[in-house]
*Asks:* 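The structure is given below, and queries will be raised subsequently.
Numbers restart at 1 for each chain; the letters A, B, ... are given by sequence-line order, proteins then strands. Being a predicted model, the structure only gives us computed values, none of them experimental. What you see below is based on every heavy atom in this structure, not just the backbone, and it leaves out hydrogens, waters and symmetry mates.
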Amino acid sequence: MDILQSIFVTPFLDMAGAPDLLVQTLWEGLVSGVLYALIALGFVLIFKASGVFNFAQGIMVVFAALTLVGLHEKGVPAWLAVILTLGVMYLLALTVERFVLRPLVNQPDIILFMATFGLTYVLIGVGEFIFGGEPKQMIAEQLFIPRGAIDVKMLGGRVTFQKIDIAAAVIASVMIAALAAFFQYTRIGRALRAVADSHKAALSVGISLNQIWAIVWFAAGIVALITGIMWGARSEVSFGLDIIALKALPVLILGGFTSIPGAIVGGLIIGVGEKVAEFYWGPLVGGGIESWIAYVIALGFLMFRPQGLFGDKIIERI
Amino acid sequence: MFYREAGQFKKTYAADMAVFPILQDRIGIAVILIVAAVVIPLTGSTFFISSVMIPFLVFSLAAMGLNIVTGYTGLISLGTGAFMGVGAFACYKLTTIFPNVNIIIWILASGIFSAAIGAAFGLPSLRIKGFYLAVATLAAQFFLEWCFVRVPWLYNYSASGAIQVPQRTLFDVAITGANATPTTRYLVLLGIVVLMTWVASNILHGRIGRTFMAVRDMDIAAELMGIRLLPAKLMAFALSSFYCGVAGAVMMFLWYGGGEAADAFNIRQSFNILFMVIIGGLGSLIGCFLGAALLNIVPIILKFGFPAIGIAIGSETAEHLNHLLVGGLIIFFLIVEPHGLARLWQITKQKLRTWPFPY
């Protein structure tokens, strides 16, 4: 009975007893959820347009952030470094399209998936060669990312909001809105949606698949750079960050591989669920459950919707 | 010229369906076995046996396990490392609780524990497919990895969280622990790998293997043909985890000899074995060996080969180069031959058959 009580009753009593702590936990969950959603967004962009499950998205985040910091260390002013990094990401997109995707067109999904694995290793190797293996500090001040915290008195206690977290949430919302508008209202966005629907039909109306893929990988590169800046400012920039790609995977299966809203909602659910579970239920089993609870949450949703919350229905024909 | 089947007539169905229908293949496999069992232990240096051959055999076994579920049944699994870990811990617990039973029995029995856990984590495969399933198997990886660290019972409450492999003997010869020579460990490992490969080959060429392949090619069609999907998929997961579990057990007992298991069986290990399977060739037993050999040799050449010919590279640079080369190799092989080294081997055999007049 004690066990049941400590699982089903005590955590909720804790929540009701200290609402300010609950709000703090929820807020932290939301913020990490936004960051997960950002990484998942990069995955979804590429999966929609080319059907490639891009495992390299996590390392692209690190690579972009490292390039930015590395350039700044060489004495390039921050604004120029951002532009140059975007240039590097564009070159990367072109290279990937030309040397990895084009030769592998029409191969089974798992082959393309493995190719992005190879790409991950290449990027790690190249990045380590150029920038070394040591962690670096993100140039937060130069990019006008606010520091410090705001304390708000509420619910009989104090809740701390880090300014950088607020900035991250705002920037993420702006970027998602911009991406949505880009997909909905521009010529290229329409072409992207056409490619996502059907490669062959898109080709037949004169859309260049190669061009579209390069653009999509560049878009994912931009998302990666922004994610890298936000994530790097919260901790530091190192190759250890590539593990965050694994954090984004449950978000993806929860939201569905093909849905941008899914990535966002999934990110928030996973972020909040993870933090709340760790804070209220983690101590029961000795803590550290953050590493796998996200997968369990996602699996629970998958049992009822095998294509994720917002994914396209999977129709199989014989 | 030498490799052709002219004049070799099959008189029975069984002879026609043999795993090695051509005489030259049978001679070839016998030569390989003799080299592996006699020549290498007699002539190989300690370094060659313990740093090249033992890891190669361990990884071949693990790759075989993953190939059963991913290559033959078409279910992508990213939890290989964790299933290997289950095998290693099961073997450790069994041999510390029952020290008098022969260690080889426990190594093989630890696969059963791994198989049970693998089947449990394979349950979602009936409902979830493709990449969704791949991510779902990551749940197994992370959950088990967490267990390896957080459940002290598994490593007998040792303070460091590391496990120490005790000494066990076979016919009064030490085969595990600090006193076992690399050659003994190698021979025991070779015996296990040959046995398990033979069993796998028979299973995969028989009814069960055909069931797996039918499920891989189109599971709905397989269901319409009367294959029950749930037993078939669970069997694939269980069999695969059995092989992985044994691989994990031999990795800990015959290669590492102890250490922090959670590090040895982490997510990178899973990816590493997936690379071997893909580069070797999905759905091919010989591919497991070829892939394991290639991915095993590249780091060793980088680490020891270059200094030997006078090019000094630091260990850090070697690691960076290793990343770069492994990544490059994966992309290169996928582009050149998406079906892996096994397909290259097949093409070579076909060319040899018709050589020197290819038409």
Side-chain angles (χ1 to χ4, degrees), chain A residues 47 53 55-56 99-100 102-104 107-129 132-133 239 243 246 249-250 252-254 256-257 285-299 302-304 306-308 311 314 316-318, chain B residues 70 74 76 78 121 123-124 126-147 149-152 218-221 223-224 267 271 274-275 277-279 282 316-317 319-336 338-340:
Chain A
F47 191 83
F53 186 93
F55 189 80
F99 292 105
V100 181
R102 209 184 292 177
L104 283 175
Q107 292 289 355
D109 292 345
I110 182 168
I111 300 292
L112 286 158
F113 172 54
M114 290 314 296
T116 64
F117 252 119
L119 186 64
T120 309
Y121 273 67
V122 170
L123 281 181
I124 291 179
V126 171
E128 279 176 339
F129 256 119
F239 282 97
I243 210 76
L246 296 172
L249 291 180
L252 276 178
I253 59 171
L254 178 56
F257 283 137
V285 285
I289 62 172
E290 239 178 320
S291 64
W292 52 268
I293 193 74
Y295 287 93
V296 174
I297 298 173
L299 258 182
L302 272 195
M303 282 296 155
F304 298 99
Q307 69 275 30
I314 302 166
E316 283 186 86
R317 294 190 179 84
I318 295 187
Chain B
T70 301
I76 308 171
L78 297 176
F121 278 104
L123 273 176
L126 197 67
R127 191 143 166 77
I128 311 171
K129 281 172 191 161
F131 289 125
Y132 288 98
L133 178 65
V135 178
T137 56
L138 276 178
Q141 172 73 40
F142 286 113
F143 177 68
L144 292 172
E145 231 180 87
W146 177 84
C147 289
V149 178
R150 301 280 173 161
V151 185
M218 174 101 227
D219 59 351
I220 297 177
E223 198 174 15
L224 289 176
I267 180 84
F271 289 150
L274 189 58
F275 294 155
V277 171
I278 302 268
I279 289 191
L282 285 166
E316 207 169 296
T317 323
E319 200 176 316
H320 301 170
L321 252 182
N322 188 18
H323 278 142
L324 200 60
L325 263 183
V326 169
L329 266 181
I330 291 170
I331 296 179
F332 173 78
F333 270 106
L334 289 177
I335 290 172
V336 174
H339 300 283

*Asks:* Working to the nearest 0.5 angstrom, can you tell me the gap between A:M114 CE and B:L274 CG?
*Replies:* 4.0 Å

*Asks:* Which answer fits A:F304, side chain, backbone, both or neither, if we ask what part of it has an atom under 4.5 Å from a heavy atom of chain B?
*Replies:* backbone

*Asks:* Just so I understand: if I count every heavy-atom pair under 4.5 Å between each of A:L112, A:V122, A:V126 and chain B, which residue has the most?
*Replies:* A:V122

*Asks:* Side chain from CB out, backbone as N, CA, C, O: work out which of these in B:I279 comes under 4.5 Å of a heavy atom of chain A, or both, or neither.
*Replies:* neither

*Asks:* Using every non-hydrogen atom in the two residues, find where A:P103 and B:I335 come nearest and quote the distance to one decimal.
*Replies:* CB-CG2, 3.6 Å

*Asks:* Between B:F143 and A:W292, what is the ring plane arrangement, given parallel below 30°, perpendicular above 60°, and tilted in between?
*Replies:* perpendicular

*Asks:* Contact part of A:L249 toward chain B, heavy-atom cut-off under 4.5 Å: side chain, backbone, both or neither?
*Replies:* both

*Asks:* Where on A:L104 is there a heavy atom nearer than 4.5 Å to chain B: the side chain, the backbone, both, or neither?
*Replies:* side chain

*Asks:* Counting only heavy atoms closer than 4.5 Å, note whether B:L324 contacts chain A via side chain, backbone, both or neither.
*Replies:* both

*Asks:* Could you walk me through whether A:Y121 and B:F271 pass the ring pair (Phe, Tyr, Trp, His ring centres under 6.0 Å) check?
*Replies:* CA-CA 11 Å; A:Y121 273 67; B:F271 289 150; 8.2 Å; no

*Asks:* Mind checking the CD1-CD1 spacing from A:I111 to B:I330? Nearest 0.5 Å is all I need.
*Replies:* 11.5 Å

*Asks:* side-chain contact (heavy atoms from CB on, under 4.5 Å), that's the test. Do B:L334 and A:F117 meet it? Break it down for me.
*Replies:* CA-CA 11 Å; B:L334 289 177; A:F117 252 119; over 6 Å; no

*Asks:* Tell me, side chain or backbone of A:A115 under 4.5 Å from chain B's heavy atoms, or both, or neither?
*Replies:* both

*Asks:* Counting heavy-atom pairs closer than 4.5 Å to chain B, which one of A:I253, A:L252, A:L123, A:L302 comes out on top?
*Replies:* A:I253

